[in-house]
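These numbers come from a predicted model, not from an experiment. Computed over heavy atoms, backbone and side chain alike; hydrogens, waters and symmetry mates excluded. Atoms within each ligand, like the ligands themselves, are counted from 1 in listed order. Throughout, residue positions are numbered sequentially from 1 according to the sequence presented.
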Amino acid sequence: MARMKGPTGDSHEGRPTDGVRLVNPDIARGSTVLFPDYAAFTAKTRPFSYGRGGTSTHDALAESVAALEEADHVVLAPSGLCAVTLALMSFAEAGSHILVTDSAYDPTRSFCDGVLRRMGVETTYYDPLIGGGLAELVRPETRAVLAESPGSLTFEVQDLPAIIAAAGEVPVIVDNTWSAGVHFKPLRMGAAVSVQAATKYLGGHSDLLMGTLACSAGAARLVERTARLIGISVAASDAALMHRGMRTLHRRLAVHEATGLALARWLEGREEIARVLHPALPSHPQHGVWARDFTGASGLFAAELARGDEAYIAAFCDALRLFGMGYSWGGYESLCIPTWPERNRTATQWKAKGRMLRLHAGLEDEEDLIADLDAAFARANAVPPQGKP
Ligand SMILES: *Cc1c(COP(=O)(O)O)cnc(C)c1O
């Protein structure tokens, strides 16, 4: 089916263009694909052969993601974590070595330590701020470098061009979930694969899980083949729902960005906050790298509380009414969770005096969200200081 092309990577890609038509592609569900005759069944190239390989619904979504990420080929995975693990498995082999940023999403680490190690793949965690120094960690048997920028708890912005240059021939995989693929284009910089937890901003409504692997021409065949051999597949109904989320991605992200920045600036002025970690604020240690490589921000950032006592933190979190306390992010609803980044480090140490919070700015009114935080501080400040921070 002919499909529409558009410049933005969200509004028009993957839509039908022929004849009298619905706005959106059909939801083509199915396992069995019927072939009209023997010649079609035995043909060398067949557009669709079995449901596990996807249908026109999946192709339409992949086309939109490819436009967004400027990718040669896109593979869909059932979760963001699965997209990360599939990317790593595409390159790793027994006896090889991979380099993973110390700021990586914690389940990514658990996969390296719990599965890849068992399969004879060694992981070295590197300082997210290593830049060109990565070259010293690359060995003859290094098969992949994983970057995540910014880190989703601690928000270090990695110098991706320097890391890609230092990696040389070794493929670099980037977890690009924070930018939603809108504000950061890793493939343009020479990365092999840009991975997203599409669960977050592409879906945008906290009602489905999915991952995307946007591949360069060099990586496409290997990643596609690995996905096929493992049996990775996603439901057509989920693919359609994801595609629907993508139609409003750029507009939603602009609101997430503006509201997130407003909250971050407001928090920076509060005495209850020791520091705010938001790459778009001039106070962020890698603000310059972010300004060079990104065209904007999303709605996720961190703040360190000045106080670290449990009763205070509990009072603050429990007083929030608009901000929910739960994992994931990228939906229309605001979230605020306590985090413990110091627990997930081996190459570097995470130093914070107070408890870290991670905030996601949803699509609610900025004034309402600020009022919610203000009220929660008032409730928490009534808790007398106790114990060591
Ligand atoms: C959420 C997240 C993932 C995992 O995505 P799921 O769809 O929840 O499996 C991977 N990387 C980052 C940076 C994330 O925030």
Side-chain angles (χ1 to χ4, degrees), residues 61 65 69 74-89 100-115 125 128 144-158 160 172-184 186 191 193-214 227 230 232-235 238-239 241-242 245-246 249 253 256 260 277 279 294 297-302 324-331 333-337 339-341 344-345 356-362:
L61 171 60
V65 178
E69 296 259 19
V74 168
V75 172
L76 305 173
S79 70
L81 179 59
C82 183
V84 174
T85 62
L86 175 60
L88 290 172
M89 274 191 290
V100 173
T101 176
D102 211 27
S103 54
Y105 179 64
D106 193 34
T108 296
R109 293 180 79 104
S110 302
F111 173 75
C112 296
D113 300 341
V115 177
Y125 295 98
V145 175
L146 182 91
E148 181 180 313
S149 186
S152 66
L153 292 184
T154 46
F155 296 88
E156 295 94 337
V157 182
Q158 298 197 254
L160 194 63
V172 176
I173 301 161
V174 181
D175 187 329
N176 193 21
T177 304
W178 184 82
S179 95
V182 171
H183 291 309
F184 191 42
V193 185
S194 172
V195 170
Q196 273 198 61
T199 306
K200 310 287 167 56
Y201 285 118
L202 303 202
H205 296 76
S206 307
D207 54 1
L208 78 162
L209 291 148
M210 201 177 292
T212 57
L213 297 97
I230 292 175
I232 300 291
S233 99
V234 308
D238 281 357
L241 209 50
M242 183 58 71
M246 281 191 74
L249 173 63
L253 205 65
H256 290 298
L277 293 171
F294 288 68
S298 64
L300 191 79
F301 65 98
M325 210 181 343
Y327 292 111
S328 200
W329 40 278
E333 79 291 5
S334 291
L335 298 167
C336 176
I337 56 167
T339 69
W340 290 263
N344 307 322
R345 298 263 164 167
M356 298 294 297
L357 298 174
R358 187 181 71 181
L359 294 99
H360 178 249

Sole candidate of Ser149, Ser152, Ser298 that passes side-chain hydrogen bond (donor to acceptor under 3.5 Å, both in side chains) when paired with Trp178: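 Running side-chain hydrogen bond (donor to acceptor under 3.5 Å, both in side chains) over Ser149, Ser152, Ser298 with Trp178 returns exactly one hit, Ser298.
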Rounded at 0.5 Å granularity, tell me how far [atom1] in [X] sits from [atom2] in [Y].
X: Phe301; Y: Arg358; atom1: CZ; atom2: CZ; answer: 11.5 Å
X: Met242; Y: Leu76; atom1: CE; atom2: CG; answer: 9.0 Å
X: Asp175; Y: Ile173; atom1: CG; atom2: CD1; answer: 10.0 Å

What does the N/O contact table under 3.5 Å look like for ligand 1?
from, atom 1, to, atom 2, distance (Å)
ligand 1, 7 (O), Gly80, N, 2.7
ligand 1, 7 (O), Thr199, OG1, 2.5
ligand 1, 9 (O), Gly80, N, 3.1
ligand 1, 9 (O), Leu81, N, 2.8
ligand 1, 11 (N), Asp175, OD2, 2.7
ligand 1, 15 (O), Lys200, NZ, 2.6
ligand 1, 15 (O), Trp329, NE1, 3.4

Please work out which of the three classes, parallel, tilted or perpendicular, describes the rings of Tyr201 and Trp329, given edges at 30° and 60°.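 The rings of Trp329 and Tyr201 stand perpendicular, inter-plane angle above 60°.
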For Asp113 and Tyr125, which I'm curious about, is there any donor-acceptor pair between the side chains at under 3.5 Å?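 There is such a pair (donor and acceptor under 3.5 Å, judged by atom type) between the side chains of Asp113 and Tyr125.
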